Amino acid sequence: MREQVFDNRRSWIEIDLQSLRYNVQQILTQLQSKDQLMAVVKSDAYGHGAVKISQELNKMGIYSFAVATLSEGIELRKNGVIGQILILGYTDPYYARMIQEYDLTQTVIDYQYALSLQQQNIPICVHIALDTGMHRLGEMTHNLSQIKNIFQFSSLHITGMFSHLCVCDETTNESQNYTLSQIQYFCHTVNQLKKEGYNVGKVHLLSSYGFIYYPHYQLDYVRMGILLYGVDSSFPKQMKLSLKPVLSLKSKIALIKKVSQNQTIGYGRTYTTTQCMKIAVVPIGYADGLPRSLSNVGKVIVKGQFAPIVGRICMDQMMIDVTHIHHVERGDIVTIIGEDHVYQGVETIAKQSCTISNEILSQLGFRLPKIYINEMQNITKIKSI
Ligand SMILES: *Cc1c(COP(=O)(O)O)cnc(C)c1O
């Protein structure tokens with residue numbers, strides 16, 4: 001990880017930990033207990049900073065985490081995060097030693113993988129993934145005998161079993177039926193194993209949208225990602241849950257210039273001024289994670305007013321039209337995601353660039369410093385390892 005200097009003079013991500021705590025409390029009202037919440041903090045907690053987010057959650061009494069990769073898990077442990085950390089993705093069996101050393105829990109992605117892990121002969125905790133119809137990771141539920149064989153591997157301590165739903169965010173009949181069939185395959189397999197005396201450990205099935213639409217199947221854990229961060233694009237009204245966005249993306253105007261009519265702006269000359277215009281240069285670009293497809297489409301907020309992005313977004317900078325905004329000057333704050341009298345959510349940015357909020361968030365921040373506000377005071381400092 002690159003060292004990030006505190007630098008809010010260019011562009012930055014602001015993380016409001018009070019909003020995170022608010023979201024957790026909201027979500028907990030719908031769960032039996034804190035232990036049911038497995039916080040998904042992969043991809044640097046969707047761009048929010050996995051270490052800080054996990055530490056804050058630890059302070060709130062949340063002790064289950066999910067990451068995508070081994071190194072994400074190690075990063076959390078090295079920063080004193082305590083509790084269970086499940087690696088949802090593939091880890092080369094060669095690294096079994098590190099899984100053990102950092103007390104991580106590895107997902108068994110199929111029988112063959114379990115066999116390779118077993119051959120490392122290093123005792124580790126695992127959750128078995130079942131493929132109930134997404135056809136990504138997981139042993140197929142109809143291979144029940146293969147699943148049972150995994151239980152015979154002496155170096156694999158099976159502490160859980162889970163599956164993942166692939167259309168649980170869609171409300172068409174077809175998607176609902178598909179999801180219900182996935183749920184059925186999962187429950188059936190788990191019940192069959194239990195009946196035959198296998199200890200499957202903790203079982204889990206739902207991610208954020210499963211939690212919203214299929215609350216009956218919360219089981220032992222709900223794997224909560226995007227909702228923790230207060231981002232939701234399709235929220236059903238019947239769910240009494242209000243969430244607050246945790247992340248804001250901000251920059252500061254570097255330069256303002258007057259450009260006369262019929263001049264073009266930026267690379268490829270894709271925007272032509274329609275009058276004498278006031279153009280501001282903003283020091284943030286696609287290398288900071290702002291999608292280039294927002295060129296001539298997206299907007300930002302300056303002094304409580306929307307200002308359109310004009311011309312192509314460059315690698316490190318972009319131009320905006322501030323003709324209509326009075327008294328605008330160098331150093332004025334530009335809000336790309338967040339609130340400044342008016343509000344723009346990541347959902348809008350995602351829609352305008354034809355993708356989902358998760359993708360936008362997870363691309364942010366390789367170069368942007370993160371500034372954390374409203375951190376909970378450490379009441380008791382707990383250190384592990
Ligand atoms: C990413 C992921 C999640 C979290 O998904 P959200 O929709 O962000 O809640 C849960 N489970 C698995 C297996 C994942 O890969």
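Remember, it's 1-based here, ligands and their atoms both numbered in the order they're listed. Since this is a predicted model, take the numbers as computed values, not measurements.
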Inset, instruction - Heavy-atom distances under 4.0 Å are what count here, so tell me which part of Arg223 touches ligand 1: side chain, backbone, both or neither. - result: both
Legend entry - Carboxylate-amine/guanidinium proximity below 4.0 Å for Asp16 and Lys244: no
Legend entry - Distance filter under 4.0 Å to Arg136 heavy atoms, resulting ligand 1 atoms: 13 (C), 15 (O)
Inset, instruction - Give the contacting part of Leu88 toward ligand 1: side chain, backbone, both or neither, where contact means a heavy-atom distance below 4.0 Å. - result: side chain
Legend entry - No-hydrogen, no-angle side-chain donor-acceptor test under 3.5 Å, Ser155 and Gln118: yes
Legend entry - Note: Arg21-Glu56 ion pair, threshold 4.0 Å (strictly below): yes
Legend entry - 4.5 Å side-chain heavy-atom contact, Leu70 and Tyr102: no
Legend entry - Identity and separation of the nearest protein heavy atom to atom 12 (C) of ligand 1: His164 CE1, 3.3 Å
Legend entry - NZ/NE/NH1/NH2 to OD/OE distance under 4.0 Å, Asp44 and Lys370: yes
Inset, instruction - Kindly identify the option in Ala39, Ser208, Cys168, Gly89 whose heavy atom sits closest to atom 9 (O) of ligand 1. - result: Ser208
Legend entry - Distance-only N or O hit between ligand 1 and Met224, under 3.5 Å: no
Legend entry - Numbered atoms and elements of ligand 1 in range of Lys42, under 4.0 angstrom, heavy atoms: 1 (C), 2 (C), 3 (C), 14 (C), 15 (O)
Legend entry - Lys/Arg-Asp/Glu bridge criterion (N-O < 4.0 Å) met for Glu375, Lys52: yes
Inset, instruction - Would you check whether Tyr46 reaches within less than 4.0 Å of ligand 1, judged by its heavy atoms? - result: yes
